[in-house]
Every structure is written in C-alpha cells, then in structure tokens.
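Each chain gets a letter, A, B and so on, in the order the sequences are listed, and its residues count up from 1.
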Number of protein chains: 2
Amino acid sequence: MPKIVDHDERRAHIITAITKIIARDGFDSVTMRGIANEAGYAHGAIARYFPNKQSLLTAAFLHVFNESHERALACAESSRGLESLRRVIKELLPYQDATNNDARVVLAFWDRAAQDPELEALHHQNLLERRALYRSLLEQAEEDDELSNALDIEEAVNRVTVHAAGWQMVGLFVPESATKESLDASVEALIAGLRQQHHIN
Amino acid sequence: MPKIVDHDERRAHIITAITKIIARDGFDSVTMRGIANEAGYAHGAIARYFPNKQSLLTAAFLHVFNESHERALACAESSRGLESLRRVIKELLPYQDATNNDARVVLAFWDRAAQDPELEALHHQNLLERRALYRSLLEQAEEDDELSNALDIEEAVNRVTVHAAGWQMVGLFVPESATKESLDASVEALIAGLRQQHHIN
C-alpha cells in the first residue's frame, strides 16, 4: 500500500525550514538542495510544492505574517480599545531575538516586493488587514471615549503602522536601542499621544 | 597625449547610473553591462571602479544616504531646536516620488545589510550619525526649554528614528496613506508629543 502523504503537513514543514534558512543565511543563499537537506526531503519533493525561489519567499513571508497576525488578533480579543491596541502593538514589536530573525525574512520580502508587482500587491493587502485591525481598536477606543478629541482615526492608524514598521528596522540595525525598556517607553508614548487628556479643573 | 580622466567625476557618474537602475529595476537586475550602457562607458571602465555587485550597492546606498544627510544638515542649520528638528524630519520623509525611488535603493540595502556583517556595520554607522543629528537638535530644544519635562532625550531620538524608517516602508507599500496631508499631520503629532505643554492657570 502506498504511503499516505499529508500534503498540508509536509508543506508546513518545508516552509518552517525555508524561514529558518532565510533568517539565518539570507534569501540569496537559499537553494532547493539546502531546503531539501534542512527539511529532510528529496529535492523533487520540494519542487512539487514550490516550483521556484519566489514561491518560497512568498510562502515564508506569508507564514511569518500570518503567524504574527494570528497572535495580534488573539491579543486584540483579550481586552478593548486602547488596552487591546497596546497589547497588539507590543506583540508586533521586536522584543525577542526570535522576532528579529523574523525581521530578516520581512526585510528580504520588502526588498523584493518593492521590485515585483505581484509581491507588492500581496504586501499591500497584508498591510491593509493589519491597518483594519488597528482601526477597529481605535474605533472601540473612540466609542469608550478614550481618545483625544482632536485625533483623526486615519492619522492614528498611520502612527501605529509607522511605529511598527520603523521598529523592525531599528531592532535589526540599532539593536542596542531596542531594549525592553526602550520598546516599553515607545509604546507608552504612542498610547499616551492617542489618549484623551483628562483635565482636572 | 592621453586623455585626462577625472576619476571622481566618472565615479560619481557611474554611481548615479547605478542608483537609477536599482530604483527602477531592482538590485537583482543590475548587470555590469547594463550600467556600462546606462552610463555610456565600456564594461572595463566600470570594473575599474567597482569590482563586484556588492561594491555597487554599497556605493549607491552611501550616495543616497550622504545626499539626504547633507540636505538634513542644511535644514538643521536653518533654525534651532524643535523648528530645526521639524525641518530635518520633513526633509527625510518620502514627500516626493523621487524620494520613493530612493526608498527602493534603501530597502535593497537594508535587506543585504541584514545578511552581511560589513554592510550591517556601515548602516549602523550611518544610523548613529543620523541619531547624533537628532540628539543635538533635541538638546538645543532642551536648552531653549521647548521640551516636555518628562521627556527622555534617548527615548525621543528613538521616536524620530522609528518615525523616519517606518514612513520609508509605508510610503512604498501604502502610498495612498502617504499623502502630503498625512505626512504633515504625522510630523506635527511627533513634534507636539515632544513639546512642553504650557499650562495657563
């Protein structure tokens, strides 16, 4: 009887191996042979799922994005409004080395997405999803009267997006500035800037 | 008599051609032949200045960085404190399409710098220079009593660095959010967050 192959499981296994290689050695160093070795499959078994390097990078990026997005959604559901937003923002910042390795995959993807219309559209879509999450939490905060009256929601969505993207770069290239204390302070300053200032007269 | 070659001029000419190609087609598409065609030189004339692709990317990135850094320094000298900082921040944001093309070169470099210790050290050094500029303007602002008392200068340097890096990414991938109005609002929110709030009692 032929061995039954769980294609989803095998695909997931290959993607984990790819993500590890890109994070460790860079996308330019990825070879079909290297992935086959890392994942423990024959070369042909990889090519069956991913016909070329671009499909590998796309899969690795979607893996990193979807995992972080699921974690962010879970954080969002744990509370409401600005408290939820704080938790989501913290979840997406490079607090750990492991997250920094993810940042290498993200940067490799940003670079290629800047040159390739198909990848650019994919990344645009991901960013719209993430922005929709920020927006829904900011709207909750507005309902709960937590936000500064002068605040424009779209401008606030930009602040949060820019903050998350900027720390990916700083975490990688100025790691001495991305301590837990700095990241915490940055999140608190961002949240404080959104919050209604209650004047005591 | 042999023709006298101005090496600095020729080097600068080649770098301009490279930057244009990377911004337009991506680093992966750069070939020695393509640069020779674009710059109007023989292949050998290029190889004399840049022996390999990495030296090309490094030169293009330093060109983009140094040009923007000189513009930033000029802005810094036009005023003092927070007003200087506002001008510097605006100079470095992706207000124009031309700057967006620079962002493609910057992203290509970030990606490679994330994998290569020599490029990483170079980028780290560039970021330290830029942070030193932000810090000096924040210290001026502190002398002039413009800053919020609770503000930590290093935390403020992080805010400005993260803001600049984050907008490079958003400007490229969510260009519909990077309008002149959004960028202006973002800068004003950043400056307002640093500023001393004068309470009228």
Side-chain angles (χ1 to χ4, degrees), chain A residues 22-29 100 103-116 120 123-124 126-128 131 151-152 154-178 181-183 185-186 188-190 192-194 197 199, chain B residues 22-29 100 103-116 120 123-124 126-128 131 151-152 154-178 181-183 185-186 188-190 192-194 197 199:
Chain A
I22 296 176
R24 192 185 58 206
D25 308 328
F27 184 69
D28 291 341
S29 308
N100 259 347
R104 284 175 214 277
V105 180
V106 170
L107 274 195
F109 187 86
W110 283 358
D111 174 25
R112 273 151 193 92
Q115 314 299 341
D116 181 304
E120 192 169 345
H123 188 41
H124 185 250
N126 284 343
L127 286 169
L128 292 189
R131 289 168 68 89
L151 193 74
D152 176 78
E154 288 311 304
E155 201 260 297
V157 171
N158 283 341
R159 280 193 217 178
V160 179
T161 311
V162 162
H163 182 262
W167 271 114
Q168 294 287 330
M169 192 282 273
V170 174
L172 264 182
F173 296 116
V174 204
E176 70 273 26
S177 298
E181 290 70 28
S182 304
L183 290 166
S186 179
E188 295 316 315
L190 178 62
L194 303 171
Q197 306 298 315
H199 295 284
Chain B
I22 297 175
R24 191 186 59 206
D25 308 328
F27 184 70
D28 290 341
S29 308
N100 259 347
R104 283 176 215 277
V105 179
V106 170
L107 274 195
F109 187 85
W110 283 359
D111 175 26
R112 273 148 194 93
Q115 314 299 341
D116 180 306
E120 192 170 346
H123 188 42
H124 186 249
N126 284 343
L127 286 170
L128 292 189
R131 288 168 68 89
L151 193 72
D152 177 77
E154 287 311 305
E155 201 260 296
V157 170
N158 283 342
R159 280 193 216 178
V160 178
T161 311
V162 162
H163 182 262
W167 272 114
Q168 294 288 328
M169 192 281 272
V170 175
L172 264 180
F173 296 115
V174 203
E176 71 273 26
S177 299
E181 291 69 27
S182 304
L183 290 166
S186 179
E188 295 316 316
L190 178 61
L194 303 171
Q197 308 296 317
H199 294 285

Quiz item: Can you list every salt bridge (Lys or Arg N to Asp or Glu O under 4.0 Å) pair that touches residues 158-176 of chain A, not counting sequence neighbours?
Solution: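 Every pair satisfying salt bridge (Lys or Arg N to Asp or Glu O under 4.0 Å) with a residue in residues 158-176 of chain A: A/Glu155-A/Arg159.
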Exercise. Can you measure from CZ (A/Arg112) to CG (B/Leu107) and round to the nearest 0.5 angstrom?
Key: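 Interatomic distance, A/Arg112 CZ to B/Leu107 CG, rounded to 0.5 Å: 11.5 Å.
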Quiz item: At what distance, to the nearest 0.5 angstrom, does CE of B/Met169 lie from CE of A/Met169?
Solution: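 So the CE of B/Met169 and the CE of A/Met169 are separated by 12.0 Å.
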Relative to chain B, which segment of [X] carries a heavy atom at a distance below 4.5 Å: side chain, backbone, both, or neither?
X        : result
A/Val174 : both
A/Asn126 : neither
A/Leu151 : neither
A/Leu194 : neither

Exercise. Select one option (side chain, backbone, both, neither) describing which atoms of B/Ala113 are under 4.5 Å from chain A's heavy atoms.
Key: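 Answer is both: backbone and side chain atoms of B/Ala113 are under 4.5 Å from chain A.
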Quiz item: Measuring heavy-atom distances to chain A, does B/Asp25 have an atom under 4.5 Å in its side chain, in its backbone, in both, or in neither?
Solution: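 B/Asp25 touches chain A through backbone heavy atoms alone.
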Self-check item: Option in A/Arg24, A/Glu120, A/Arg131 with maximal non-hydrogen atom pairs under 4.5 Å from chain B
Solution: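 Answer, by heavy-atom pair count under 4.5 Å with chain B: A/Arg131.
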Quiz prompt | chain B contacts, top residue of A/Ala189, A/Ala185, A/Ala164, A/Ala114 (heavy-atom pairs, under 4.5 Å) | solution =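 Most heavy-atom pairs within the cutoff with chain B belong to A/Ala114.
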Exercise. Quick one: sort the B/Phe173 and A/His123 rings into parallel, tilted or perpendicular, breaks at 30° and 60°.
Key: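 Because their plane-to-plane angle is over 60°, the rings of B/Phe173 and A/His123 count as perpendicular.
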Quiz item: Do you know which of B/Ala165, B/Ala192, B/Ala178, B/Ser177 has the most heavy-atom pairs with chain A at a distance under 4.5 angstrom?
Solution: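 Ranked by heavy-atom pairs under 4.5 Å with chain A, first place is B/Ser177.
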Self-check item: Closest-packed option against chain A by number of heavy-atom pairs under 4.5 Å, given B/Gly193, B/Ser182, B/Gly166
Solution: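 Looking at each option in turn, the highest pair count goes to B/Gly166.
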Quiz item: Heavy-atom distance under 4.5 Å between the side chains of B/Asn158 and A/Ser186, does that happen here?
Solution: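 The answer is no; the side chains never approach within 4.5 Å.
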